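In what follows, a structure is listed as structure tokens, so that the remarks can point back to it.
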Amino acid sequence: MRPLTEEESKTVFTKLANYIGKNLVHLIDRADEPYCFRLHKDRVFYVSESSMRLGISVARPNLVSLGTCFGKFSKSGKFKLHVTALDYLAQYAKYKIWIKPNGEMPFLYGNHVLKAHLGRITEDTPEHQGVVVFSMSDVPLGFGVTSRSTVDTRKLDPTAIIVFHQSDVGEYLRDEASVLQCLQLNVSNLSSTGNTFLVL
């Protein structure tokens with residue numbers, strides 16, 4: 001676990017700014033407790049400084065997770081936001097989209113948002129802008145990138161894509177099988193090596 005380099009910070013903050021804009025400041029300057037970003041095994045974690053200090057006492061190979069995972073760096077150096085960051089994106093999102101009940105299931109299966117499923121959209125949303133996708137009852141479902149601006153969206157036919165899917169809460173179920181396999185493998189490794197792992 002280490003602090004982000006200047007280049008890594010720039011990459012992460014650029015990606016976050018695409019979704020939450022100037023509200024990025026609220027992630028760092030919090031009234032309750034200081035928070036920071038830390039890198040561990042190519043994953044970026046958003047963690048309180050008190051938890052981070054506790055995590056320092058754990059050996060790096062034994063630390064599984066720390067705080068909230070915001071995303072992961074690929075081998076090429078690109079940063080991909082994970083669905084685990086959704087709570088913070090939804091809280092501070094600059095642009096939002098609400099989809100009708102008939103569009104929720106297709107989106108949660110990993111499909112793009114179509115014009116026919118659009119309930120509401122934030123006024124003056126630009127093209128290629130990060131948006132958080134909500135149900136009509138204000139439950140955050142995931143996030144994506146707009147294919148057209150709000151003005152252009154009104155002119156589209158019902159089958160046109162208006163938001164390109166990036167991530168959704170359905171991933172928790174879709175990836176369940178692979179997660180269970182990893183957990184079973186880790187448990188069998190733990191029992192054979194006798195190592196202790198800590199999740200904060």
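Just the heavy atoms: all of them, side chains too, but no hydrogens, waters or symmetry mates, feed the values below. Note that this is a predicted model, so its numbers are computed, not measured.
Partners of D42 according to the side-chain contact (heavy atoms from CB on, under 4.5 Å) rule, which considers only residues two or more places apart in sequence or in another chain, are K72. Residues that satisfy the side chain to side chain donor-acceptor pair (under 3.5 Å) test with N18, not counting sequence neighbours, are absent from this structure. In this structure D32 satisfies the side chain to side chain donor-acceptor pair (under 3.5 Å) test together with R30, sequence neighbours excluded. Looking at residues two or more places apart in sequence or on another chain, you find no side chain to side chain donor-acceptor pair (under 3.5 Å) involving T68. Residues meeting the ring-ring contact (aromatic ring centres under 6.0 Å, His included) test with H40, sequence neighbours left out: none. Partners of Y109 according to the ring-ring contact (aromatic ring centres under 6.0 Å, His included) rule, which considers only residues two or more places apart in sequence or in another chain, do not exist here. Residues satisfying the side-chain contact (heavy atoms from CB on, under 4.5 Å) test with A160, not counting sequence neighbours, are L156, D157. Every side chain to side chain donor-acceptor pair (under 3.5 Å) that S48 has, sequence neighbours left out, goes to S50, S51.
Taking every heavy atom of both residues into account, L4 and V44 meet most closely at CD2-CG2, 4.1 Å. Nearest approach of M52 to L66, heavy atoms of both residues: CA-CD2, 4.4 Å. The shortest non-hydrogen separation linking T11 to F79 is CG2-CB, 3.8 Å. Closest non-hydrogen pair, S65 versus F45, comes out as OG-CE2, 3.5 Å. V12 and F73 get closest at one heavy-atom pair: CG2-CZ, 3.6 Å.
Residues I28 and Y19 are members of one and the same hydrophobic cluster, defined by side-chain heavy-atom contacts under 4.5 angstrom among Ile, Leu, Val, Met, Phe, Trp and Tyr. A single hydrophobic cluster is not seen to contain both L114 and F143; linkage of ILVMFWY side chains at heavy-atom distances under 4.5 Å, directly or through other members, places them apart. Under the 4.5 Å side-chain heavy-atom criterion for ILVMFWY residues, a single connected hydrophobic cluster contains both V163 and L118. Put simply, F107 and F164 are part of two different groups of oily side chains (I, L, V, M, F, W, Y) that touch within less than 4.5 Å, one to the next.
Distance alone, capped at 3.5 Å, places no donor-acceptor pair between the T125 side chain and the S149 backbone. The main-chain N or O of I161 is never found under 3.5 Å from a side-chain atom of H112 such that the two would form a donor-acceptor pair.
The aromatic rings of Y46 and F37 sit tilted, their planes meeting at an angle between 30° and 60°.
As a member of the Ile/Leu/Val/Met/Phe/Trp/Tyr network built from side-chain separations under 4.5 Å, V25 groups with nothing else and remains a singleton.
Listed by first and then second residue, the salt bridge (Lys or Arg N to Asp or Glu O under 4.0 Å) pairs involving residues 108-130 are E123-R154 (not counting sequence neighbours). Residues in residues 6-26 take part in these salt bridge (Lys or Arg N to Asp or Glu O under 4.0 Å) pairs, two or more places apart or across chains: R2-E8.
Around atom CZ of R148, no more than 12 heavy atoms belonging to other residues, nucleotides or ligands sit under 6.0 Å away.
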Extract all donor-acceptor atom pairs below 3.5 Å that involve side chains of residues 80-104 and protein atoms in other chains or at least two apart in sequence.
residue : atom : partner : partner atom : Å
T84     : OG1  : C69     : O            : 2.4
W98     : NE1  : D138    : OD1          : 2.6

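Under the 3.5 Å distance criterion, with hydrogens and angles disregarded, no donor-acceptor pair is assigned to the side chains of D29 and H26.
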